[in-house]
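Here is the structure we will look at.
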Amino acid sequence: MISARSWSDARQVWDHHLMHHTPRPCSVIVGLGSHDLGVADAAAGFHLRGLAPVIVFTGSTSPTTRELMPRGEAVHYRERAVELGVPESAVLVEAGARNTGENVRFSRALLEEAGVDVSSVLLVSKPYEERRAYATARKLWPGVEIVSASSPMTFEEYVASIGDDRMVIDMLVGALQRLLVYPARGFMTEQPVPEAVAGAYERLVGAGFTSRLIR
């Protein structure tokens, strides 16, 4: 059972991860690979609204996605986007990245090789990865405008869509820890964490939501 206190803390951490950027026209959409096909849905929707002419889907596999997406996250994302009406010619696939930093660096290199001029990026991730994705891209892709976006869902809607309450909270906690420790390692820009959010994070760690923490 997940306590009411933990649910409240998780909702607070969720809210902090959201950047509240308004999706707007950009040079390219970059969809970050994960276990959640909702990222592909959101990226496809932005393309079909005319917000960017090109989508890059980036991601290999992870222990979480190896069975769910055996051909690789980016490949499954492309297939989903094409099913939703995105032309195959509008999608580039980067199938080697295994973390957010590689997602950004490898996508940037792929676009340079393809001759795509990039001044702005509509960066699409899971909702609770918006801030981490933004901070990573600001560090590793300086000089371009970053708009961080995801599927517009409430915390409760997202948890229901995934169907694994504990995994979602574990992911929220892991993403928050990275906001705390990765800037010092040079992986992302500093993102201040309010005291109340830090307190919610510490309580969730104390309650055992630790499977996504780095040691």
Side-chain angles (χ1 to χ4, degrees), residues 14-59 72-97 99-155 157-158 161 175 179 187-192:
W14 165 276
D15 289 342
H16 179 68
H17 284 313
L18 298 175
M19 294 296 295
H20 302 291
H21 289 172
T22 300
R24 55 188 181 272
C26 289
S27 306
V28 64
I29 295 164
V30 175
L32 305 184
S34 74
H35 62 89
D36 182 4
L37 275 173
V39 176
D41 294 350
F46 293 141
H47 171 81
L48 294 171
R49 284 168 51 189
L51 297 189
V54 178
I55 302 174
V56 175
F57 287 126
T58 168
E73 296 156 5
V75 173
H76 283 265
Y77 276 21
R78 177 186 60 190
E79 293 170 352
R80 178 64 161 249
V82 170
E83 288 176 2
L84 294 172
V86 176
E88 290 189 25
S89 60
V91 182
L92 299 175
V93 169
E94 185 296 297
N99 56 57
T100 307
E102 290 185 351
N103 287 142
V104 173
R105 291 191 292 108
F106 295 176
S107 295
R108 181 182 180 184
L110 178 63
L111 288 161
E112 289 174 354
E113 291 170 8
V116 179
D117 184 30
V118 178
S119 61
S120 55
V121 176
L122 182 52
L123 192 62
V124 184
S125 65
K126 302 183 294 296
Y128 61 82
E129 292 282 2
E130 279 190 14
R131 189 173 296 276
R132 176 187 176 189
Y134 174 81
T136 303
R138 295 297 299 128
K139 181 71 176 182
L140 300 178
W141 207 340
V144 302
E145 180 185 7
I146 304 296
V147 180
S148 190
S150 63
S151 296
M153 305 176 77
T154 67
F155 173 58
E157 288 169 342
Y158 188 81
S161 76
L179 291 178
F187 296 162
M188 63 174 62
T189 59
E190 190 78 35
Q191 293 288 304

Dump the intermediate steps for side chain to side chain contact (heavy atoms under 4.5 Å, CB included) on Lys126 and His17, then the final yes or no. CA-CA 10 Å; Lys126 302 183 294 296; His17 284 313; over 6 Å; no

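- For the residue pair Glu145 and Ser120, no side-chain donor N or O sits within less than 3.5 Å of a side-chain acceptor on the partner.
- Counting only heavy atoms from C-beta outward, the side chains of Val56 and Val28 approach each other to under 4.5 Å.
- The NE2 atom of His16 sits 4.5 Å away from atom CZ of Arg131, with the distance rounded to the nearest 0.5 Å.
- Across all their heavy atoms, Ser119 and Ser27 have their closest contact at N-OG, 3.0 Å.
- For the salt bridge (charged side-chain N to carboxylate O under 4.0 Å, His left out) condition, the pairs that include at least one residue of residues 107-121, sequence neighbours left out, are Arg108-Glu112.
- When all heavy atoms are compared, the tightest approach of Leu32 to Ser125 is CD1-CB, 4.0 Å.
- The backbone N or O of Gly96 lies less than 3.5 Å from a partner atom in the side chain of Glu94, making a donor-acceptor pair.
- Across all non-hydrogen atoms, the minimal contact from Ala40 to Phe57 is CA-CE2, 4.0 Å.
- Nearest heavy atoms, Val39 versus Ser34: CG2-OG, 4.1 Å.
- Considering only heavy atoms from C-beta on, Lys139 stays 4.5 Å or farther from Val104 through its side chain.
- Residue His47 comes nearest to Ile29 through the heavy atom pair N-CD1, 3.5 Å, listed as atom of the first residue, atom of the second, then distance.
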Let me see the working for Glu130 and Ser150 under side-chain hydrogen bond (donor to acceptor under 3.5 Å, both in side chains), right down to the final yes or no. CA-CA 7 Å; Glu130 279 190 14; Ser150 63; 2.6 Å; yes

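- Using bins of under 30°, 30° to 60° and over 60° for the plane-to-plane angle, the ring pair Tyr158/Trp14 lands in the tilted bin.
- Between Arg138 atom CZ and Gln191 atom CD the span is 10.0 Å, to the nearest 0.5 Å.
- To the nearest 0.5 Å, atom CH2 of residue Trp141 and atom OG of residue Ser107 are 6.5 Å apart.
- With rounding to the nearest 0.5 Å, the separation of CD1 in Ile146 from NE2 in His21 is 10.0 Å.
- Applying the salt bridge (charged side-chain N to carboxylate O under 4.0 Å, His left out) test to pairs two or more places apart or on separate chains, those with a residue in residues 31-57 are Asp41-Arg80.
- Heavy-atom minimum distance, Leu18 versus Pro127: CD2-O, 3.5 Å.
- Every residue two or more places apart in sequence or in another chain that forms a side-chain contact (heavy atoms from CB on, under 4.5 Å) with Glu102 is listed here: Ala97, Arg98, Asn99, Arg105, Phe106.
- Separating the CD atom in Glu73 from the CZ atom in Arg78 is a distance of 14.0 Å, to the nearest 0.5 Å.
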